[in-house]
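As C-alpha cells, the structure follows; a few thoughts come after it.
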Amino acid sequence: MVKGIFVKSVLNKHKKRDEWFLDDYSLNPYQLCEFGCVYCYIHGSKYGETKSLAVKVNAPLILQRELRKGAERKEYGFIALGSATEPWQPMEEKYQVTRRCLEVILKFKFPVHCLTKSTLILRDLDLLREIDRKAILPGDLENLRGVLITFSFSSLDERIAKIFEPKAPSPKERLETLWRVKEEGFYAGIAYIPVLPFISDSDEQMEEMIKVAKEFSADYVFVGALTLYGSGKTAYYSILGKYFPELLPKYEELFKFNQPNWEYQRRLEKKARELCKEYNVRYRIV
C-alpha cells in the first residue's frame, strides 16, 4: 500500500559538503523503499520509524520554490538524488515524481548525483543529458560533470544479493545498466557500499569487485563498511541467524558499536586503495 503525502520541504541543505559523494543537498521523492535492502541504514534512523511506503506528491512543486531561492543566491551544489530511498523504485513508473523533480533541477541548472540500484534510470537519460550540459557547478568542482551516476552493490554474487537486497534488480542487471549509461557518455561509477563482513569483503571478492568495475568502464569506485543502527541491527542479525548463523559470534565481536571497529575499517580502506591502484581505477570521485 502506497500513501500519497504532502510535504512542506523536500530539499535538505547540508551544513558541510559530503566528502565522498560531493553533495551539498539531498533530495528523496519517496518515503521508504520497495527494494527491501536488509542493511539499509534508514531502518535504524528516525526516518525508518514509519512503516508506510509513500510518494511525496507535491515534491516537484516544493522543489521548484526551494531551488529558485538557491539559484537567486547562486548557491549551486550537487543534489544527491536518493540518499535515503531509491528514486527509481518500481512505483516511480506510475508516479514519475523523480522525473518531474529532474525537470525542476534542469530548469534551475543544479548539478545532480544520482544514487541508484535501478534500471529505470535509463528512462530519464534524456533529462540527465540536458542537466549534464547545462548545470552550473560550484567553483571548486568546475572540473567535474553536471551529472554523476553511481550504482550501488553489496555483493556481485547473485545469491547473496537476493538475500540482502530481495527486491532490487540483480547485480547483473545493474552492471548492464551501468554499461548502457557509460555508452551514452555519462560519468558513472560504482559504490560497493556496504560490503558485508565475512560475506562479501574478502580480499578475493574485493579484487573481483575492482576488476569488474574496470571491465565495465566505471569512472570511479567507492568501498564502504556496513553500519548497523537500532532496529536495523536487529533486522540484519535476524537474516544472519537464518542464512549465516555461524557468523553471529563474529559480528558480535566486530560490532561493539554501530560501526565495525577501526582496525576493520582501516584494512578495508587500505585494500580498496591498493586494488584501485593496481587496476588503474579511480578511488572515489576526487
Side-chain angles (χ1 to χ4, degrees), residues 18 20-23 33-35 37 39-40 78-83 85-90 92-93 98-99 102 111-133 135 144-162 164-196 200-201 205-224 272-273 275-286:
D18 188 279
W20 285 37
F21 294 95
L22 306 181
D23 51 296
C33 179
E34 295 173 274
F35 286 168
C37 299
Y39 51 74
C40 182
F78 276 96
I79 299 170
L81 183 54
S83 61
T85 62
E86 170 60 61
W88 286 278
Q89 57 187 294
E92 166 64 14
E93 289 195 67
T98 295
R99 182 170 177 85
L102 286 174
V112 65
H113 189 166
C114 305
L115 311 171
T116 187
K117 287 184 172 76
S118 180
T119 61
L120 186 57
I121 191 174
L122 296 174
R123 181 201 65 187
D124 294 334
L125 293 188
D126 58 336
L127 283 174
L128 291 171
R129 188 174 292 108
E130 288 299 299
I131 294 171
D132 195 33
R133 188 169 63 88
L144 289 179
R145 300 271 295 274
V147 171
L148 308 172
I149 302 175
T150 301
F151 292 89
S152 66
F153 299 77
S154 62
S155 172
L156 294 174
D157 186 300
E158 302 285 328
R159 182 183 66 87
I160 291 173
K162 194 65 177 175
F164 290 95
E165 307 160 353
K167 296 181 181 179
S170 70
K172 181 176 182 289
E173 289 173 314
R174 275 173 259 174
L175 288 171
E176 289 171 349
T177 306
L178 168 64
W179 186 257
R180 291 273 305 279
V181 164
K182 285 296 301 171
E183 280 190 320
E184 293 291 330
F186 287 94
Y187 195 71
I190 293 176
Y192 293 115
I193 302 177
V195 290
L196 309 176
S200 66
D201 68 339
Q205 287 167 315
M206 286 181 63
E207 182 171 12
E208 179 64 17
M209 288 174 175
I210 305 305
K211 283 174 64 178
V212 165
K214 180 71 174 180
E215 290 167 4
F216 280 81
S217 301
D219 291 298
Y220 53 85
V221 166
F222 299 95
V223 178
R273 288 186 179 276
L275 287 167
C276 282
K277 184 176 181 180
E278 179 180 347
Y279 286 96
N280 194 29
V281 177
R282 180 184 288 274
Y283 186 65
R284 302 191 191 176
I285 302 171
V286 295

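Everything numeric in this text was worked out from a predicted model, so none of it was measured.
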field: Residues Glu86, Lys117; criterion salt bridge (Lys or Arg N to Asp or Glu O under 4.0 Å); working and verdict
entry: CA-CA 7 Å; Glu86 170 60 61; Lys117 287 184 172 76; over 6 Å; no

- request: Apply side-chain contact (heavy atoms from CB on, under 4.5 Å) to Met209 and Val195, showing your working.
  value: CA-CA 10 Å; Met209 288 174 175; Val195 290; 3.9 Å; yes

task: Measure the spacing between CG of Leu128 and CG of Leu102 and express it to the nearest 0.5 Å.
output: 5.5 Å

query: Can you tell if the side chain of Asp23 reaches within under 4.5 Å of the side chain of Leu81, non-hydrogen atoms only?
result: no

is_close_aromatic(Phe78, Phe21), centroid dist under 6.0 Å: no

query: Looking at CG of Asp132 and CG of Leu127, how far apart are the two atoms once the value is rounded to the nearest 0.5 Å?
result: 12.5 Å

- request: Would you confirm whether Glu92, through its side chain, and Thr98, through its main-chain N or O, come within 3.5 Å as a donor-acceptor pair?
  value: yes

field: Distance, nearest 0.5 Å, that separates NZ of Lys167 from CD of Glu34
entry: 8.0 Å

field: Shortest non-hydrogen contact from Trp88 toward Ser118
entry: O-OG, 2.8 Å

Non-hydrogen atoms of Phe151 and Ile149 that approach each other most closely: CE1-CG2, 3.6 Å

- prompt: Are side-chain heavy atoms of Val181 and Phe216 found at a separation under 4.5 Å?
  reply: no

message: Do Glu278 and Glu207 have side chains that approach each other closer than 4.5 Å (heavy atoms only, starting at C-beta)?
response: yes

field: Chi angles and distances behind the side-chain contact (heavy atoms from CB on, under 4.5 Å) call for His113, Thr150
entry: CA-CA 7 Å; His113 189 166; Thr150 301; 2.6 Å; yes

query: Any side-chain heavy atom of Cys114 sitting closer than 4.5 Å to one from Ile121?
result: yes

field: Test applied, salt bridge (Lys or Arg N to Asp or Glu O under 4.0 Å); reference residue, Asp219; option that passes from Arg284, Lys214, Arg282, Lys182
entry: Lys182

statement: In short, Met206 meets Asp201 closest at the heavy-atom pair SD-O, 3.7 Å

message: The test is side-chain contact (heavy atoms from CB on, under 4.5 Å); show your working for Ser152 and Ile193 and say whether it passes.
response: CA-CA 6 Å; Ser152 66; Ile193 302 177; 5.9 Å; no

- request: Check the angle between the aromatic planes of Phe153 and Tyr192 and answer parallel, tilted or perpendicular using the 30° and 60° thresholds.
  value: tilted

field: Closest non-hydrogen atom pair, Leu115 against Pro87
entry: O-CD, 3.5 Å

field: Atom pair OH (Tyr283) and CG (Leu275), whose distance is rounded to the nearest 0.5 Å
entry: 10.5 Å

task: Could you check if a side-chain atom of Arg99 sits within less than 4.5 angstrom of a side-chain atom of Asp126, using non-hydrogen atoms only?
output: yes

query: Among Glu173, Glu176, Arg174, which residue meets the side chain to side chain contact (heavy atoms under 4.5 Å, CB included) test with Thr119?
result: Glu173

query: So which heavy atom on Glu93 is nearest to which on Arg123, and how close?
result: CA-NH1, 4.2 Å

- prompt: For the atom pair OG (Ser200) and CZ (Phe164), what is the distance rounded to the nearest 0.5 Å?
  reply: 8.0 Å

- prompt: Do the rings of Tyr187 and Tyr220 sit parallel, tilted or perpendicular, given the 30° and 60° boundaries?
  reply: tilted

message: Any non-hydrogen side-chain atom of Lys162 less than 4.5 Å from a side-chain atom of Arg159?
response: no

query: Step by step, would you call Leu22 with Leu144 a side-chain contact (heavy atoms from CB on, under 4.5 Å)?
result: CA-CA 11 Å; Leu22 306 181; Leu144 289 179; 3.5 Å; yes

Glu158 CD to Glu165 CD distance, which is reported to the nearest 0.5 Å: 10.0 Å

- request: Please name the pair of heavy atoms, one in Gln89 and one in Phe35, separated by the smallest distance, quoted to 0.1 Å.
  value: CA-CZ, 4.2 Å

Note: Glu183-Arg180 ion pair, threshold 4.0 Å (strictly below): no

